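Following: one structure in C-alpha cells, then a few remarks.
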Amino acid sequence: MDIVSWFQLVLVCFLGAISPGPSLALVISNTVTGGRIHGVSTSLGHGFGIGCWALLTAVGIAEAMAASTTILATSRLLGGCILAYIGLRTMFAKNSLSFGHVDQRSVGSGIALRGAIEGFLVALLNPKVAIFFLAIFSHMVYSDILWVETSLMGLTAALIDTVWYLSVAL
C-alpha cells in the first residue's frame with residue numbers, strides 16, 4: 001500500500017473516531033462518574049474492540065457477515081442490548097454526576113476492568129463499526145494483500161481510536 005492510501009486510512013479512521021456516538025458517550029460518562037482510570041480503561045478496551053473489527057474486516061470476515069443475514073441480525077440484537085444496558089445504567093445511576101475531584105485511591109481494579117469490558121463491548125457489538133470498516137477496507141484490501149499489511153491496517157485503526165479516546169478521558 002502506498003503512502004497516499006495510508007494517509008487516507010489515517011484520516012478516515014481519525015474522522016470516524018472523533019464522530020460523536022455511543023462510544024464517546026460511554027467514555028465521557030465513565031470518566032465523569034468513575035474518574036480518569038475508569039475513562040482510560042474504557043478507552044483502552046474500546047481501542048482493542050476497534051482493532052478486532054478492523055483486523056477481522058481486513059481479512060474478510062465482514063464479507064461472510066454481509067452474506068449471512070442471521071449473523072448480521074444477531075450482531076444488531078447484541079449491539080442494541082449492550083447500548084440499552086449502558087443507557088439504563090446511566091439513567092438509573094444512584095449517584096449523580098459531579099464534576100468534582102474523584103479520589104483515585106478509592107477506584108479499585110474492578111471499576112477499571114468493568115470500564116475496559118464496556119468499552120470493548122460497545123466497539124465489538126456495534127454493527128456500524130463493521131459497516132464503517134467494510135466501506136473503508138473494501139477499497140484498500142485486495143486479493144493478494146500480505147498479512148503484515150492487514151495487521152498494520154487493524155493496528156492503525158486501533159491506535160487512532162485509542163489515542164483519541166485517551167485524550168477525551170484525560
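Basis for what follows: all heavy atoms, side chains included, without hydrogens, waters or symmetry-related copies. What you see is a predicted model; the values in this text were computed from it and never measured.
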> Do you know the tightest heavy-atom contact between V122 and S23?
Replying inline: CG1-OG, 3.5 Å
> For T42, which of I37, V27, I117 qualifies under side chain to side chain contact (heavy atoms under 4.5 Å, CB included)?
Replying inline: V27
> Is the shortest heavy-atom distance from the side chain of V168 to the side chain of L24 under 4.5 Å?
Replying inline: yes
> Which heavy-atom pair separates N30 from H38 by the least distance, and what is that distance?
Replying inline: O-ND1, 3.4 Å
> Taking it one step at a time, do S41 and L113 satisfy side chain to side chain contact (heavy atoms under 4.5 Å, CB included)?
Replying inline: CA-CA 7 Å; S41 66; L113 180 62; over 6 Å; no
>> Could you measure the distance from the OG1 atom of T33 to the CD1 atom of I28? Nearest 0.5 Å is fine.
In response: 11.5 Å
> Taking only residues two or more places apart in sequence, or in another chain, which ones meet F120 in a ring pair (Phe, Tyr, Trp, His ring centres under 6.0 Å)?
Replying inline: F48
> Looking only at heavy atoms, what is the nearest atom pair of T156 and L152, with distance?
Replying inline: OG1-O, 2.6 Å
>> Apply the hydrophobic cluster definition, ILVMFWY joined by side-chain contacts under 4.5 Å directly or through others, and give me every member besides V40.
In response: L44, L166, L170
> Where do A158 and G47 come nearest, in terms of heavy atoms and distance?
Replying inline: CB-O, 3.4 Å
>> Give me the atom names and distance for the closest heavy-atom approach of A54 to G154.
In response: CB-CA, 3.6 Å
>> Rounded at 0.5 Å granularity, tell me how far CG in N126 sits from CG in L121.
In response: 11.5 Å
>> Quick check for you: to the nearest 0.5 Å, what is the distance between I50 atom CD1 and W164 atom CH2?
In response: 14.0 Å
>> With clusters defined by side-chain heavy atoms of hydrophobic residues (ILVMFWY) lying less than 4.5 Å apart, directly or transitively, does L159 cluster with W53?
In response: no
Report, one line per pair, each donor and acceptor closer than 3.5 Å where one atom sits in a side chain of residues 4-20; sequence neighbours left out.
| residue | atom | partner | partner atom | Å |
| --- | --- | --- | --- | --- |
| S5 | OG | D2 | OD1 | 2.6 |
| S19 | OG | G16 | O | 2.8 |

